[in-house]
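Take a look at the following structure, please.
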Amino acid sequence: MNLLSRDFYARDTLVVAGELLGKCVVRRTSKGSVVAKIVEVEAYKGKEDPASHAYRGMTPRNHLMFGEGGFAYVYFIYGNHYCLNITTERVGVPGAVLVRAVEIQHGTELARQNRKVKSLTKLTNGPGKLTQALKITKRQNGLDLTKLGDLFIIPQDHDEDFETVTTDRVGIKAGAKKPWRFYIKGNKFVSKP
DNA sequence: GAGAAGATCTCCT
DNA sequence: GGAGATCTTCTCA
């Protein structure tokens, strides 16, 4: 199986965020595997980004953002939801990409068992939804996405034409005006068109 | 050791 | 369209 290399993640956060679109997240559980294509992301940096967890320096929670790129950074928010991030940049440079929406390609039934919704598009069209559908919790925090395991990322199987749209970020107060949100134009699984 | 805020979702009107 | 749910983490005393 083809995995994305460490070099892919060890670049500018905005570049990695844009190129993660169309890549596939693979989640392996005891019941089977789920493959989900990334269709929407947001970039989070450090000092220049007031909305980032890393803005005020390193803490026990966000230290993964300061480490090497290519690791899963999962955190719990609002008492109800997990959010999945992918760390970027090099050691000492904070950066991460928030996965906001995915499109499930394999294992739809497995994912559906984790969430009680009828509509397929509502299964994974939000940060808290996709983590629930893929059973991602803080147990996945710190996993190396460049190695085979419970969670990793592969390039898409075949080339696919899609148009990338860049907009302001969603759901945050500080720094919301930066155009650091990317999604695949016309995709039904994007949280907000 | 306590208080407040948060990169959200779902249900109800 | 709006408020509640509900817990982790950070900040300050």
Side-chain angles (χ1 to χ4, degrees), chain A residues 9 12-18 20-21 23 25 36 38-67 69-89 93-104 111-143 145 151 153 164-184 187-193:
Chain A
Y9 301 101
D12 187 272
T13 306
L14 296 179
V15 175
V16 178
L20 273 174
L21 289 178
K23 300 293 188 291
V25 176
I38 298 173
V39 299
E40 181 180 353
V41 297
E42 278 178 14
Y44 285 88
K45 295 188 134 189
K47 278 191 173 181
E48 51 192 301
D49 184 4
S52 169
H53 288 169
Y55 181 62
R56 295 177 186 279
M58 187 159 64
T59 67
R61 171 170 73 160
N62 68 20
H63 77 276
L64 281 164
M65 289 181 73
F66 290 80
F71 287 84
Y73 169 41
V74 183
Y75 67 91
F76 199 63
I77 191 80
Y78 295 130
N80 284 334
H81 304 286
Y82 291 100
C83 289
L84 172 64
N85 294 253
I86 298 160
T87 64
T88 61
E89 309 272 1
V93 183
V97 176
L98 169 70
V99 180
R100 287 192 55 88
V102 298
E103 175 182 349
I104 295 192
R112 213 191 279 256
Q113 287 172 18
N114 300 328
R115 282 176 50 73
K116 296 176 181 177
V117 293
K118 297 176 183 175
S119 164
L120 180 63
T121 51
K122 287 182 181 176
L123 199 57
T124 55
N125 67 335
K129 299 179 189 177
L130 71 92
T131 52
Q132 197 179 345
L134 297 185
K135 281 204 169 181
I136 292 173
T137 69
K138 65 179 182 181
R139 293 186 63 178
Q140 276 69 47
N141 194 32
L143 285 183
L145 299 175
L151 187 68
I153 297 180
T164 301
V165 183
T166 306
T167 70
D168 297 348
R169 290 180 294 183
V170 180
I172 54 175
K173 295 172 183 175
K177 288 187 177 179
K178 293 183 186 301
W180 289 353
R181 171 172 175 253
F182 307 90
Y183 64 88
I184 294 177
N187 190 285
K188 292 177 184 174
F189 294 82
V190 169
S191 60
K192 290 184 181 179

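Just so we're clear, the structure is a prediction, and the values are computed from it rather than from any experiment. Every chain is numbered from 1, with letters handed out A, B, ... down the list of sequences.
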Interatomic distance where CZ belongs to A:R56 and C1' belongs to B:dA7 [whole Å]:
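Interatomic distance, CZ of A:R56 to C1' of B:dA7: 15 Å.
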Check the surroundings of atom OH in A:Y55: do more than 12 heavy atoms from other residues, nucleotides or ligands lie under 6.0 Å from it?
no
Value in whole Å for how far the P atom of B:dT8 lies from CZ of A:F76
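Nearest whole value for this atom pair: 14 Å.
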What is the pairing partner of C:dT6, taking Watson-Crick or G-U wobble pairs with both distances under 3.5 Å in any strand?
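Per the H-bond distance test, none.
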Side-chain N,O (A:R115) to OP1/OP2 (B:dC9) below 4.0 Å
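No, A:R115 has no side-chain N/O under 4.0 Å of OP1/OP2 on B:dC9.
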Is it the case that more than 12 heavy atoms not belonging to A:K23 sit under 6.0 Å from its NZ atom?
yes
Distance check: side-chain N/O of A:H53 vs OP1/OP2 of B:dA7, anything under 4.0 Å?
yes
Side chain of A:Y44, heavy atoms from C-beta onward: which of B:dT8, B:dA7, B:dT10 has the nearest atom to it?
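Minimum distance to the A:Y44 side chain belongs to B:dA7.
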Grab the two heavy atoms, one from A:P179 and one from A:T166, that are nearest each other, plus how far apart they are.
O-CG2, 3.2 Å
Figure out the CD1/C1' separation between A:I77 and B:dA4, and round it to whole Å.
13 Å
Side chains of A:L21 and A:V41: does their closest heavy-atom pair fall under 4.5 Å?
yes
Length of the line joining A:E42:CD and B:dA7:P, which is rounded to integer Å:
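Result: 11 Å.
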So, does A:K129 get its side chain near the phosphate of B:dT8, meaning an N or O under 4.0 Å from OP1 or OP2?
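Negative; the distance criterion is not met.
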Taking for each residue the nucleotide of DNA chain B with the nearest heavy atom, is it A:I172 or A:V117 whose nucleotide lies nearer the 5' end?
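Looking at DNA chain B, the more 5' nearest nucleotide goes with A:I172.
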Can you tell me the distance, in whole Å, between the NZ atom of A:K177 and the C1' atom of B:dA7?
18 Å
Candidates C:dT9, B:dG6, B:dC9 - which lies nearest the side chain of A:R61
C:dT9
Let's test this: given Watson-Crick or G-U wobble pairing with both distances under 3.5 Å, identify the partner of B:dA7.
none
Knowing that exactly one of A:N125, A:V102, A:I38 qualifies, which makes a side-chain contact (heavy atoms from CB on, under 4.5 Å) with A:L130?
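Output: one option passes, namely A:V102.
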Could you state the atom-to-atom distance from CG of A:N62 to C1' of B:dG6 in whole Å?
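Spelled out: CG on A:N62 to C1' on B:dG6 is 14 Å.
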Given DNA chain B, 5'-ward residue of the pair A:Y75 and A:Q132, judged by closest heavy atom:
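It is A:Y75, whose closest nucleotide lies nearer the 5' terminus.
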Nucleotide B:dG6, atom C1' - distance to NE2 of A:H81 in whole Å:
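Computing the A:H81:NE2 to B:dG6:C1' distance gives 12 Å.
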Among C:dC10, C:dA5, B:dT8, find the nucleotide with the atom closest to the side chain of A:N80.
C:dA5
Between atom CE in A:M65 and atom C1' in B:dA7, what is the gap in whole Å?
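The distance from CE of A:M65 to C1' of B:dA7 comes to 10 Å, rounded to the nearest Å.
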Looking at A:R181, A:K188, A:K192, which one forms a salt bridge (charged side-chain N to carboxylate O under 4.0 Å, His left out) with A:E40?
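Between A:E40 and the candidates, salt bridge (charged side-chain N to carboxylate O under 4.0 Å, His left out) is satisfied uniquely by A:R181.
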Tell me which nucleotide among C:dT11, B:dA7, C:dC10 gets nearest to the side chain of A:T59.
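Among the listed nucleotides, the one closest to the side chain of A:T59 is C:dC10.
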From C:dC10, C:dT11, B:dT8, pick the nucleotide closest to the side chain of A:Y78?
B:dT8
Tell me which nucleotide among B:dT8, B:dT10, C:dT11 gets nearest to the side chain of A:R100.
B:dT8
